[in-house]
Amino acid sequence: MTYQVLQSEKGKAIKMWTDGVPVELDAQKQLMDTAKMPFIFKHMAVMPDVHLGKGSTIGSVIPTKGAIIPAAVGVDIGCGMMAACTTLTASDLPDHLYQIRSAIETAVPHGRTPGGRDKGAWSDPGSEVDAMWAALLPGFKAITQKYPHLEKTNHYKHLGTLGTGNHFIELCLDEQNRVWIMLHSGSRGVGNAIGNHFIELAQADMRQHIANLPNRDLAYFEEGSQHYNDYVEAVGWAQDYARRNRMVMMQNVIAALKQVIKKPFDATVEAVNCHHNYVQKETHFGQEVLVTRKGAVSAQKGQLGIIPGSMGAKSFIVRGLGNEEAFCSCSHGAGRVMSRTQAKKKFTVEDQIAATKHVECRKDADVIDEIPMAYKDIDAVMHAQRDLVEIVHTLRQVVCVKG
DNA sequence: ATGTCC
């Protein structure tokens with residue numbers, strides 16, 4: 001058995017795959033609060049990248065029956081990773097990778113480019129965006145009939161855009177020197193608006209009893225209520241938007257590479273496309289339950305997933321082992337060991353340059369919060385979840401575009 | 001994380 005059990009008072013058990021990695025006390029406290037909710041199904045599962053999060057603990061799997069907690073998914077609905085393997089190898093890449101990074105930065109609107117055209121929205125979306133939006137539109141119309149204020153969001157102009165923070169696009173090499181494209185993003189402005197709205201609705205609906213909850217982020221909708229049904233519909237749509245957002249970006253990154261690299265190549269456009277911030281109905285222990293994964297990835301037996309390391313460290317393509325005790329899940333990354341503010345205080349631009357020596361990426365003061373030392377040791381994290389996933393490919397980054 | 005406001 002490679003998990004430890006944290007037993008909360010009057011709560012369900014918390015099974016933690018954290019062998020050899022630290023678990024902060026404030027994260028343990030947050031997990032124990034969640035485990036007290038009466039509708040938690042069987043137990044909670046905790047991944048080795050666990051840390052304190054806003055709304056719920058990052059790296060946790062929260063199975064519920066009869067209720068749903070919108071703040072557990074949070075506002076970055078459908079956030080996740082996509083990876084595609086190309087027929088290129090390292091020797092097909094130019095000696096200087098700056099032009100590749102620059103081509104990607106031009107092809108995909110993103111948040112942090114100095115002097116960038118806007119705050120990461122399209123000024124003129126192309127035909128791929130139109131086609132992808134057409135698939136999302138019927139679902140969006142059904143939602144905005146009930147929640148018309150969501151029409152005011154940047155839904156269409158954000159489709160195929162990266163965002164900010166730790167959202168990124170990378171080129172990586174695997175153990176055979178094959179070139180992979182990896183990207184990390186979510187449902188952008190519209191998913192954020194949906195998340196925030198339903199978090200507020202849940203708190204308003206429960207205002208008579210909210211003081212009885214361990215904290216107000218545990219406000220929930222009960223199955224059968226109108227808001228429960230509306231949230232399940234809206235969060236599912238935002239997750240679909242996030243998945244398609246990543247697909248549009250992948251198409252445009254491939255097109256950008258084809259402009260810079262003269263050798264013809266193919267890419268498996270949907271190799272892996274996985275959420276790590278989401279909720280969906282699943283069957284576990286013979287029962288239909290809602291599974292909320294906050295900073296956790298589905299790892300059903302044989303299912304492929306993506307576990308990125310920090311910039312300059314390794315990333316992994318993994319295959320699920322279908323560990324039912326973990327509700328068939330694995331970690332979503334290395335996990336932070338310090339906040340963005342702490343990282344900016346502790347490290348310098350020189351530290352950042354040294355830590356990302358082998359990666360073509362920005363190395364200025366504005367990206368120090370993503371320095372590898374702000375994250376846990378990815379090898380320790382992988383070891384702690386050895387009975388959840390097996391490693392299929394080990395990738396190292398050579399180009400990174402930060403959002 | 002995002003959008004908006006300070």
Side-chain angles (χ1 to χ4, degrees), chain A residues 30 49 51-60 69-82 108-113 116-123 136 140 143-144 147-169 183-201 217 231 234-235 237-246 248-249 274-279 292-297 308 310-311 332-336 338-344 366-370 374-375 400-403:
Chain A
Q30 191 179 36
D49 55 348
H51 58 107
L52 184 74
K54 178 161 170 51
S56 70
T57 317
I58 318 288
S60 66
I69 307 170
V73 175
V75 297
D76 196 4
I77 296 170
C79 185
M81 297 287 309
M82 182 167 181
V108 181
H110 58 286
R112 276 182 180 179
T113 301
R117 52 193 152 186
D118 49 45
K119 289 159 86 178
W122 292 107
S123 45
L136 288 161
F140 191 59
I143 294 164
T144 52
Y147 302 94
H149 75 283
L150 295 170
E151 284 169 16
K152 295 194 193 99
T153 58
N154 241 336
H155 42 80
Y156 163 69
K157 289 199 166 185
H158 269 176
L159 191 57
T161 71
L162 187 62
T164 61
N166 64 348
H167 289 167
F168 62 78
I169 301 171
L183 54 89
H184 175 215
S185 187
S187 55
R188 309 288 285 103
V190 64
N192 187 293
I194 288 170
N196 269 315
H197 186 69
F198 282 94
I199 290 167
E200 284 166 18
L201 268 183
D217 285 328
Y231 179 63
V235 80
W237 180 86
Q239 287 162 193
D240 190 26
Y241 179 105
R243 188 187 302 279
R244 292 174 184 276
N245 179 39
R246 293 189 289 268
V248 174
M249 280 188 278
C274 59
H275 301 316
H276 53 224
N277 241 15
Y278 70 114
V279 57
T292 298
R293 292 193 179 87
K294 173 65 162 267
V297 175
S310 61
M311 177 163 56
H332 83 310
R336 295 193 77 91
M338 67 185 77
S339 71
R340 293 177 184 280
T341 320
Q342 285 174 309
K344 286 198 174 191
D366 285 345
V367 293
I368 291 177
D369 52 345
E370 286 292 325
Y375 288 85
C400 180
V401 173
K402 285 286 176 195

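So that the names make sense, note that chain A is the first sequence line, chain B the second, and so on, each numbered from 1.
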| query | What nucleotide among dT2(B), dA1(B), dG3(B) has an atom nearest to a side-chain atom of Arg340(A)? | reply | dA1(B)
| task | Check whether any side-chain N or O of Arg188(A) sits under 4.0 Å from OP1 or OP2 of dT2(B), and answer yes or no. | result | yes
| field | Interatomic distance where NE2 belongs to His155(A) and P belongs to dT2(B) [whole Å] | value | 17 Å
| query | Should Asn196(A) be listed as having a side-chain N or O under 4.0 Å from OP1 or OP2 of dT2(B)? | reply | no
| query | Quick one: His197(A) NE2 to dT4(B) P, roughly how many Å, whole number? | reply | 16 Å
| request: Please state how far atom CZ in Phe198(A) lies from atom P in dT2(B), giving the value in whole angstrom units. | output: 20 Å
| task | Report the distance from atom NZ of Lys54(A) to atom P of dA1(B), rounded to the nearest whole Å. | result | 13 Å
| field | Contacts of Phe168(A) that satisfy ring-ring contact (aromatic ring centres under 6.0 Å, His included) - sequence neighbours left out | value | His184(A)
| field | Main-chain N/O of Leu159(A) paired to Asn245(A) side chain as donor or acceptor, under 3.5 Å | value | no
| remark: Whichever of Lys152(A) and His184(A) has the more 5' nearest nucleotide on DNA chain B, that residue is His184(A)
| field | Short side-chain N/O contact to dG3(B) OP1/OP2 from His158(A), under 4.0 Å | value | yes
| said: Can you tell me how the ring of His276(A) sits relative to the ring of His332(A), calling it parallel under 30°, perpendicular over 60° and tilted otherwise? | reply: perpendicular
| Euclidean distance, atom CD1 of residue Ile58(A) to atom P of dA1(B) [Å, nearest integer] | 9 Å
| remark: Of dT2(B), dG3(B), dA1(B), the nucleotide closest to the side chain of Asn154(A) is dG3(B)
| query | Can you tell me if Ser187(A) uses its side chain to pair, donor with acceptor, with the backbone of Ile77(A) under 3.5 Å? | reply | yes
| field | Separation of dT4(B) C1' from His149(A) NE2 (nearest whole Å) | value | 15 Å
| field | Atom pair distance, as rounded to whole Å: CD1 in Ile199(A) and C1' in dA1(B) | value | 11 Å
| Protein-nucleotide distance (Lys402(A), atom NZ; dA1(B), atom P), rounded to Å | 10 Å
| Who are the side chain to side chain contact (heavy atoms under 4.5 Å, CB included) partners of Val75(A), not counting sequence neighbours? | Asn192(A), Asn196(A), Ile199(A)
